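Chain identifiers are assigned alphabetically (A, B, ...) following the order of the sequence lines, protein sequences preceding nucleic acid strands; residue numbering begins at 1 within each chain. What's counted below: heavy atoms across the whole structure, side chains too, no hydrogens, waters or symmetry copies. Since the structure is predicted, the reported quantities are computational estimates derived from the model, not experimental observations.
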Number of protein chains: 2
Amino acid sequence: MGEATVRPLRADAERSVRAILEAAVRVLAEDPGASMDAIAAAAGVARTTVHRRFANRQALIEALASTAARQLADAVDDGRPDTAPPLVAMHRITANVLQVKGAWAFALELTPEPGSEAAALQQDIDRRCVAVLERARAEGLIDAGADLDWVRRVYYALLGETLRGDADGDPDALAARIVDTLLRGAGPRA
Amino acid sequence: MGEATVRPLRADAERSVRAILEAAVRVLAEDPGASMDAIAAAAGVARTTVHRRFANRQALIEALASTAARQLADAVDDGRPDTAPPLVAMHRITANVLQVKGAWAFALELTPEPGSEAAALQQDIDRRCVAVLERARAEGLIDAGADLDWVRRVYYALLGETLRGDADGDPDALAARIVDTLLRGAGPRA
DNA sequence: GCTAACTGCGTCACAACTGTTGCATATTGT
DNA sequence: ACAATATGCAACAGTTGTGACGCAGTTAGC
């Protein structure tokens, strides 16, 4: 649910939907108030086509939030958060997220409607993120008394800041900096 | 410049300007696309009065950016960034900023027009912020090889995250958490 | 107390965005 | 090739925001 998919879309229609969503991420990222027309133009389709696929602006936003959250969930999954050593998982997840930056930028800004699919997915991501942090704490990588929810928020903030300022750059190097900063801060190395 | 102040405003007019700016911070913080009417209502004045003081929306935004930047600069100054011990200065500055959160929230979002007064003030704040970090590094509080610009960005991000999530709460405790996280991260305490 | 400045209110023209429709044309799937 | 589906284009009404008026009534300052 969420997709207005009563019956299977034709190939070209599906292409349009993809183009619109991708363009919307780009355009709305740098101007959250951009018009449907601007989005349509960026997607290379007519405005009416956008309206044909998404009843209104909010429907588009919600679909966008859902796909973004799904992309993020995939990025997390790919890091094998439950089995890989915590440090490895954190690094991989971070690098993955840096590559789907559009999704992250979107998920960070738009607080999804409570009860929406995107909200559920976001909560799921948060949960899994904390789980990784717990495993890291069990290994002594994180202080025993740390507030993991705060740690998670700091982690998100570091990701957000990196995406805003270093949009391009080697994902691995950026991920290393994020994880290092998260675990050790700016203080002197031992 | 920036203020449309050809000649001294009458007392009530100045009051209006203040009310408008304060309301604008509040309103625009939670909806950057809010209408002039909404801002006027929040300020307790008529929409025409807003237009009388600020020619157009952008003029209001710029004036807002300037006053916000000035508030921040004052908050930094009050921390005696050049003379107080770095740790003390960082703590005080942080606590101060947490109290003028409106200004910070605004300065963080709205990238000011290049060349505007706000941009200059913002750069000045950045500069002084890095200066404090340099003093902290000289005292061994920050790793000798650290990229101070990255440290500054992390500091800003921690402030932003705290303001978004813990808008209320003891400024001193929140400041302590920010400084501690910045310098030591989430890792185990020595 | 008088003047100049300020404010609220109503009204106006103008521009931009939204959402919908009808129709001609092009693409897809079978 | 044919039918179903998609698309672009043009046009429409409706809404919302902007910026500018004039005017009557209020407030500040000398």
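Within 4.0 Å (heavy atoms only), B/G33 reaches no atom of the nucleic acid at all. Across all strands shown, A/T48 has heavy atoms under 4.0 Å from base atoms, whether or not it also approaches the sugar-phosphate.
Computed from coordinates, the B/L60 CG to D/dT18 C1' distance equals 13 Å when rounded to whole Å. As a whole-Å value, the separation of B/N56 CG from C/dA15 C1' is 15 Å. Taking atom CD1 of residue A/I61 and atom P of nucleotide C/dG19, one finds them 11 Å apart after rounding to whole Å. For the pair B/R15 CZ and D/dT26 C1', the interatomic distance rounds to 12 Å; values are reported in whole Å. A straight line from CD of B/Q58 to P of D/dT18 spans 13 Å, rounded to a whole angstrom. Note: CG (A/D37) to C1' (C/dG19) measures 13 Å, nearest angstrom. With rounding to whole Å, A/R10 atom CZ is found 10 Å from C/dT27 atom P. Rounded to a whole Å, the CZ atom of B/R47 is 11 Å from the C1' atom of D/dT16.
With hydrogens and angles disregarded, no donor-acceptor distance shorter than 3.5 Å links the side chain of A/R152 to the backbone of A/R127. With hydrogens and angles disregarded, a donor-acceptor distance shorter than 3.5 Å links the side chain of B/R92 to the backbone of B/D78. Of the possible polar contacts, none joining the B/R128 side chain to the B/V76 backbone as a donor-acceptor pair under 3.5 Å is found.
Checking D/dT18, C/dC17, C/dT7 against the side-chain heavy atoms of A/S35 singles out C/dC17 as nearest. Nearest nucleotide to the side chain of A/R53, out of D/dA6, C/dT7, C/dG19: D/dA6. Comparing C/dG29, D/dG19, C/dG8 by their closest approach to the side chain of A/A11 singles out C/dG29. Closest contact between the side chain of A/D12 and the listed nucleotides D/dT18, C/dC17, D/dA6 involves D/dA6. In this structure, the nucleotide among C/dG19, C/dT28, D/dG17 sitting nearest to the side chain of A/H51 is C/dG19.
Comparing B/A55 and A/A13, the nucleotide of DNA chain D nearest to each residue sits closer to the 5' end for A/A13. Of the two residues contacting DNA chain C, namely A/A34 and B/A46, the nearest-nucleotide position lying further toward the 5' end is that of B/A46.
The heavy-atom pair separating B/Y155 from B/M90 by the smallest distance is OH-O, 4.2 Å.
Side-chain atoms of B/R52 and base atoms of C/dG8 include a donor and an acceptor less than 3.5 Å apart.
Within the structure, a side-chain polar atom (N or O) of A/R57 is placed less than 4.0 Å from OP1 or OP2 of C/dT18.
Note that B/R57 lies outside the cation-pi zone of B/F54, set by a 6.0 Å cut-off to the ring centre and a 45° limit from the axis.
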